Every structure is written in structure tokens, then in C-alpha cells.
Amino acid sequence: MDALPLDPKNTILVVDDTPDNLALMSALLKNTYKVKVANHGDKGLRIAASATPPDLILLDVMMPDIDGYEVCRRLKADLKTCHIPVIFLTAKSEPEDEQKGLSLGAADYISKPISPPILLARVATQLKLKASADFLRNQNAFLAAEVARRTSELEAVQEVTILALASLAETRDAETGKHILRTQR
């Protein structure tokens, strides 16, 4: 099996309405990842659906206008963004908050204040899982196309074989040959 292709510098989108949190996350991640920031949910959704989507999204829950739960729901409902892992980073630390975030499709849920080593480990883990899932999706698409191509080839060979056998039988016995051709049709 081929090795999984890993991007040496994955892109992380941080969506948070607090400038200090955006600065902290950028400083923490910038040496290992490309970092994009959005200070509200709409901007985060636009960046996620852009031509160069992020590989992972760190998302705050409590934001004005659109909260993080709604952003996650919209991300998971859109075919262009549904495969991007979302990790909630939030001050909401009640079990029901975490359960709600995970039920909306988030890959992980981290309560603030964050522990930098834990955040980095969870980001790395989710990126590895995403790379594996992307690899499998690509392999599945390739295999489906290959099965369709080979099935088409087999059908063509089958048609030619039946025609050849029918022609051979027709040369030996006209009545049997015509019956074989009628059966083929």
C-alpha cells in the first residue's frame, strides 16, 4: 500500500471573535502550519468554501451573529466543506455543550483555557485522520472507475465471444446458428 501523502504545511483556519484568541492561536500554530483567521462565522464559512479550503478548523462557540454550533452545522451540510475536521475551542465546558458540538459533526471539543501541547497533539491527530480519510476517498473513487472500465471491457469481450460462437455454429448448422443469434439478441 502506498504511503499517505502528508502536506508539510497544512492550513488551519481559526474562527474566533476575540482578537487576543486569534493572536494566541496564530502564534501557537504559525511555526508548524499555515494559519488563516476569521473574526466571525460568516467570514469563516467563506474561507472554508474558498478555492483553497483549510485542512482543519478551530472554531469558537460563543460568537455574535452566528454561533460556532451553527457554523459547524453549515460546514457539515455543505458538500464542499463537510470533510474538513472541526475542533471547537470554547469556554463552554458543560458536558451537554460538548455533546452538542460533537453531535453536530465536530471532530473534537477543547475547553478554554487551552493547554498548548494538548491542542497541538489533537490538531496533529485530526490532520492525520483527515489525510487517511482523503486517501481512502481517492482510492475508492479510483477503484470504482477501474471496476467500471474493466466491466466494460469484459462486456465487449463477452459480446465478441458470443458473436464468434454464433458465427461458428451457423457455419456448421444453419438452424442452430440462427437460434444462437436469436438467443444472443
Side-chain angles (χ1 to χ4, degrees), residues 1-16 21-22 24-38 40-63 66-90 92-93 95-112 114-151:
M1 185 172 178
D2 296 333
L4 295 177
L6 294 176
D7 186 347
K9 196 126 175 159
N10 292 104
T11 301
I12 309 294
L13 170 61
V14 182
V15 183
D16 197 312
N21 290 341
L22 292 174
L24 174 66
M25 289 299 112
S26 293
L28 185 60
L29 299 167
K30 71 180 179 184
N31 292 331
T32 311
Y33 307 104
K34 295 176 197 168
V35 180
K36 295 181 180 182
V37 296
H40 56 83
D42 280 329
K43 185 175 181 183
L45 289 168
R46 281 194 306 275
I47 292 171
S50 70
T52 55
D55 298 295
L56 184 136
I57 298 172
L58 296 175
L59 180 60
D60 186 25
V61 172
M62 297 183 295
M63 294 184 293
I66 303 175
D67 71 8
Y69 294 136
E70 179 61 18
V71 171
C72 184
R73 189 194 64 72
R74 290 183 191 183
L75 288 166
K76 296 305 174 185
D78 186 341
L79 289 176
K80 290 174 63 177
T81 58
C82 65
H83 298 298
I84 302 172
V86 173
I87 298 177
F88 279 113
L89 292 179
T90 182
K92 294 182 77 137
S93 59
E96 51 274 0
D97 298 322
E98 184 174 350
Q99 193 276 330
K100 181 177 181 179
L102 295 173
S103 70
L104 288 169
D108 206 343
Y109 193 99
I110 302 173
S111 297
K112 293 177 185 173
I114 61 144
S115 164
I118 289 175
L119 174 71
L120 292 172
R122 289 184 177 183
V123 165
T125 298
Q126 291 304 323
L127 288 171
K128 287 177 188 170
L129 287 171
K130 181 182 185 300
S132 296
D134 291 347
F135 177 78
L136 289 174
R137 259 191 307 282
N138 290 339
Q139 284 295 100
N140 285 343
F142 168 78
L143 290 174
E146 189 65 14
V147 166
R149 183 184 69 78
R150 289 190 182 186
T151 300

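One is the number of the first residue; the rest follow in order along the sequence. Bear in mind the structure is a predicted one, so any value in this text is a computation, not a measurement.
- Shown here are the side-chain hydrogen bond (donor to acceptor under 3.5 Å, both in side chains) partners of R150, two or more places apart in sequence or in another chain: E146.
- Scanning both residues, A38 and I47, for their nearest heavy atoms gives CB-CD1, 4.1 Å.
- In this structure the side chain of L119 reaches within 4.5 angstrom of the side chain of M25, judged on heavy atoms.
- Nearest heavy atom pair, residue K9 against residue N31, reads NZ-O, 4.0 Å.
- Atom-to-atom distance recorded for I84:CD1 and L59:CG is 11.5 Å, nearest 0.5 angstrom.
- Taking CG of L89 as the reference point, atom CG of D16 lies at 8.0 Å (rounded to 0.5 Å).
- Between the CE atom of M62 and the OH atom of Y69 there is a distance of 9.0 Å, given to the nearest 0.5 Å.
- Minimum interatomic distance between K130 and P85 (heavy atoms only, all atoms of both residues): CD-CD, 3.4 Å.
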Check the pair R74 / D78 against side-chain contact (heavy atoms from CB on, under 4.5 Å), numbers first and verdict last. CA-CA 6 Å; R74 290 183 191 183; D78 186 341; over 6 Å; no

side-chain contact (heavy atoms from CB on, under 4.5 Å) between V123 and L58, intermediate numbers included: CA-CA 9 Å; V123 165; L58 296 175; 4.1 Å; yes

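- The minimum heavy-atom distance linking C72 with G105 is given by the pair SG-C, 4.3 Å.
- When all heavy atoms of L13 and G44 are compared, the closest pair comes out as CD2-O, 3.5 Å.
- D60 and K112 are joined by a salt bridge, as a carboxylate oxygen and a charged side-chain nitrogen come within less than 4.0 angstrom of each other.
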Before giving the answer on side-chain contact (heavy atoms from CB on, under 4.5 Å), spell out for V14 and L29 the whole-Å C-alpha distance, their side-chain angles and the decisive distance to 0.1 Å. CA-CA 10 Å; V14 182; L29 299 167; 4.1 Å; yes

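- One distance of note links CD1 of I57 with OG1 of T11; it measures 11.0 Å at 0.5 Å rounding.
- Here the OG1 atom belonging to T52 is positioned 8.5 Å from the NZ atom belonging to K34, to the nearest 0.5 angstrom.
- In this structure, CD in Q126 is found 5.5 Å from CG in D108, a value given to the nearest 0.5 Å.
- Between Y109 and T90 there is a side-chain heavy-atom pair separated by less than 4.5 Å.
- Residues R46 and D42 are not paired through a salt bridge, judged by the lack of any N-O separation under 4.0 Å between the basic side chain and the carboxylate.
- Considering all non-hydrogen atoms of both residues, A48 and T81 come closest at O-CG2, 3.4 Å.
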V35 vs L28, side-chain contact (heavy atoms from CB on, under 4.5 Å): CA-CA, chis, key distance, verdict: CA-CA 10 Å; V35 180; L28 185 60; over 6 Å; no

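- The pair K100-D97 fails the salt-bridge criterion, with no side-chain N (NZ, NE, NH1 or NH2) lying under 4.0 Å from an Asp/Glu carboxylate O.
- Under the side chain to side chain contact (heavy atoms under 4.5 Å, CB included) criterion, A121 pairs with no residue, sequence neighbours left out.
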